[in-house]
Each structure stands twice: as C-alpha cells, then as structure tokens.
Amino acid sequence: MSVKRTPLVAGNWKMYKTIAEARQLVPDLVQGLSKVGGVEKVICPPFTSLMAVKALLEGTDIKLGAQNLYWEKEGAFTGEISPKMIAELCQFVILGHSERRTYFGETDETVNRKVRAALEVGLIPIVCIGETLAENEEGKTQSVIHRQVQAGLSGIQLQPDNSGDVPLVIAYEPVWAIGTGKAATGEFANRVVQEMIRPTLSMLFGDQVAKSVRVLYGGSVKANNAAEFFDQSDIDGALVGGASLKAEEFIGIVKAAAESLE
Ligand code: PEP
C-alpha cells in the first residue's frame, strides 16, 4: 500500500533571536507562509521566545517546536525544562541535534529517554541523526545511522493513526553539512534515507510505519538548493538552521516544498 507523507519544513533557530528580534521576524514569516499550502511548517525558537512566538502564531497554520527537553516529569533539576512544560506550548520538539551531542554530551541513550518522554506527553519528536565527516570518510555512515535509529528509538511503540500519520519525524543531518554551506547532494541524502533509515525503521516497527514516518534532510538547506532535496522520493522536507533566521529564505524553502507536490 502506498502512503502519502505531508512535507514538513522546520526552522531551528538554535541560540539566535531575543524576544524582541523574534517579534520582528515572525510577522514576516506569517505573511509569507500563510499563502503556502500543502506543507506543514514548524518554527523552533529558543525557550525564552516560545510564549511570544506562540501568541504571534495564533490563528495561523504554523506550528511551534522546542529545541530540547529533559526526560524527567518534574523535580529538582535546576535549569531543565520538562516534557509537560514544552507540551503546554509546542507540538514538536527537536531531539538529539548534533550540536547537543557534540557540546552537551548527549548520547543515543539520553536521546532515547527524551524521545520516550516526548511521546508520552503527545509531543512529536524530530529526532536528529547523522554521521560526522570522519565517519563518512571511513565508510561508517550505514553503521552510524543504523545505531542512532535503533538506539534512539529503542522500546517505543509507533502506530499510524486513522489518517496514516505516525507521531515521529526523523531528520537526517550529516554533521559535515550543518552550518558549513556544504550540503549533501539530494541523491546521496535520498540513498541514506532509502537504504539505511527506512530499512532500520522497518526492522523496528514494520513496513507500514517505516513508510509513514517523515524523514527530513538537514544541512545547509537554502532557498536555492531546497528543490534538489524535495524532488527525492524518500525525503519529506527539511530541518533548516541558518536559513530559517531569514524570512525570505525560509519562505523560499517552504515554497520549494509546496512546488515539489505539483
Ligand atoms: C540545523 O541546525 O539543524 C541545520 C541543518 O543547520 P544549517 O541549516 O544552518 O546547516
């Protein structure tokens, strides 16, 4: 049975934009994105701007995501933010981004705890995976991807709902392409999704779920190269860092996703 996956474009603002700066950017995004149909749009500002951005997105079809959470329900965890706190504001949460793995010691095991905690409160995790340059050059892409998917998603149950949607998104983000201006080719990224990510999902959850999970590409996506990824059979959108901070660029990327449906 063939499945239809709605394209999704998510903007990861990383540690950029104060509340005041977010209030300048979001109205431009709303104006440009409201005219683009058929694509799910998500913006993921820093925690401090979530409330302000949520208010500005009221009445639009743009969804909100956070960039991290802690897996415990509540407690003496100074500086951390619980799944329920995020779920009060957001529909999505980015988990296991390579910057968190590199600078904040996140592992497949901690990512797994976060994924489980997010699903428990009804958040849709955008789980980031991807090999480093050294791993790529040593021919380890397949084993890294397999390990990250298997360990990151271990012990979770996934079922398509009545409309066929699965509450999980994977972002394939080769670390060497993030913030470097050197995007992977569409053909390479599609091969990783088709030959490594979906087969591992199929092994874990069965064929139907593997076909239904949306898999994004991330790594130096811009308005002028986005179509190369959206034209691929197994890539369902993009996780966008730098280019999501500029309204014109992000709108251009979302439009490219919409055009790929035509
Ligand atoms: C990201 O932060 O997930 C990302 C892909 O960044 P960039 O688009 O800037 O490479």
Side-chain angles (χ1 to χ4, degrees), residues 7-17 21-22 25 29 33 39-47 49-50 53 63-69 90 92-104 106 108 111 114-115 118 123-133 135-136 141 144-145 148-149 152 168-186 188-190 192-193 197 214-230 232 235-257:
L8 188 157
V9 178
N12 171 18
W13 288 10
K14 312 192 190 217
M15 197 176 74
Y16 291 101
K17 303 289 176 193
E21 289 164 345
L25 175 60
L29 289 173
L33 295 178
V39 178
E40 195 164 18
K41 313 135 197 170
V42 183
I43 53 182
C44 306
F47 291 132
S49 293
L50 285 174
V53 173
K63 296 180 179 153
L64 193 61
Q67 299 173 18
N68 187 23
L69 52 67
C90 300
F92 289 83
V93 60
I94 298 171
L95 295 175
H97 191 281
S98 75
E99 288 151 16
R100 297 222 47 92
R101 293 179 193 253
T102 304
Y103 304 128
F104 302 100
E106 293 207 8
D108 293 331
V111 172
K114 292 181 178 196
V115 171
L123 283 163
I124 300 179
I126 301 175
V127 183
C128 302
I129 57 169
E131 81 286 6
T132 64
L133 183 60
E135 289 164 341
N136 182 287
T141 301
V144 170
I145 294 299
Q148 288 179 336
V149 174
L168 174 84
V169 176
I170 300 225
Y172 169 55
E173 301 206 303
V175 179
W176 44 271
I178 299 178
T180 59
K182 289 188 192 138
T185 63
F188 172 80
N190 196 55
V192 172
V193 180
I197 298 176
R214 285 177 293 177
V215 185
L216 315 181
Y217 166 76
S220 298
V221 175
K222 308 268 181 286
N224 67 9
N225 67 3
E228 177 179 346
F229 299 99
F230 302 150
Q232 304 292 331
I235 297 177
D236 307 311
L239 179 56
V240 183
S244 72
L245 299 166
K246 295 178 199 130
E248 209 181 314
E249 277 289 319
F250 192 66
I251 293 161
I253 294 168
V254 174
K255 280 185 177 161

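Atoms within each ligand, like the ligands themselves, are counted from 1 in listed order.
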Atom pair CD (Glu40) and CG (Asp236), whose distance is rounded to the nearest 0.5 Å: 11.5 Å

Closest approach of Gly65 to Val42 (non-hydrogen atoms, all atoms of both residues): N-CG1, 3.9 Å

Geometric N/O contact Gly242 with ligand 1, under 3.5 angstrom: yes

Lys222 atom NZ, over 12 foreign heavy atoms within 6.0 Å: yes

For Ser220, the ligand 1 atoms whose distance to one of its heavy atoms is below 4.0 Å: 7 (P), 8 (O), 10 (O)

From Glu21 atom CD to Ser49 atom OG, the distance as rounded to the nearest 0.5 Å: 8.5 Å

Option with minimal heavy-atom separation from atom 10 (O) of ligand 1, where the choices are Ala243, Ser98, Gly179: Gly179

Any N/O pair Thr180/ligand 1 closer than 3.5 Å: no

Rounded distance [0.5 Å steps], CH2 in Trp176 versus CD in Glu131: 6.0 Å

Option of least heavy-atom distance to atom 5 (C) of ligand 1 (set: Glu249, His97, Glu173): Glu173

For ligand 1, the portion of Ser244 having any non-hydrogen atom under 4.0 Å away: neither

Asn12 and ligand 1 - part of the residue with a heavy-atom distance under 4.0 Å: side chain

Top protein contact for atom 8 (O) of ligand 1, by heavy-atom distance: Gly241 N, 2.8 Å

Lys17, NZ atom: more than 12 neighbouring heavy atoms under 6.0 Å: yes

Expected output: side-chain Arg100 to main-chain Gln67 donor-acceptor under 3.5 Å: no

Proximal atoms of ligand 1 relative to Gly219 (non-hydrogen, under 4.0 Å): 5 (C), 10 (O)

Heavy atom of Ala177, distance to ligand 1 below 4.0 Å: yes

N/O separation below 3.5 Å, Glu99 to ligand 1: no

N or O contact, Leu239 vs ligand 1, cut-off under 3.5 Å: no

Aromatic ring pairing Tyr217/Phe229, orientation class (parallel under 30°, perpendicular over 60°, tilted between): parallel

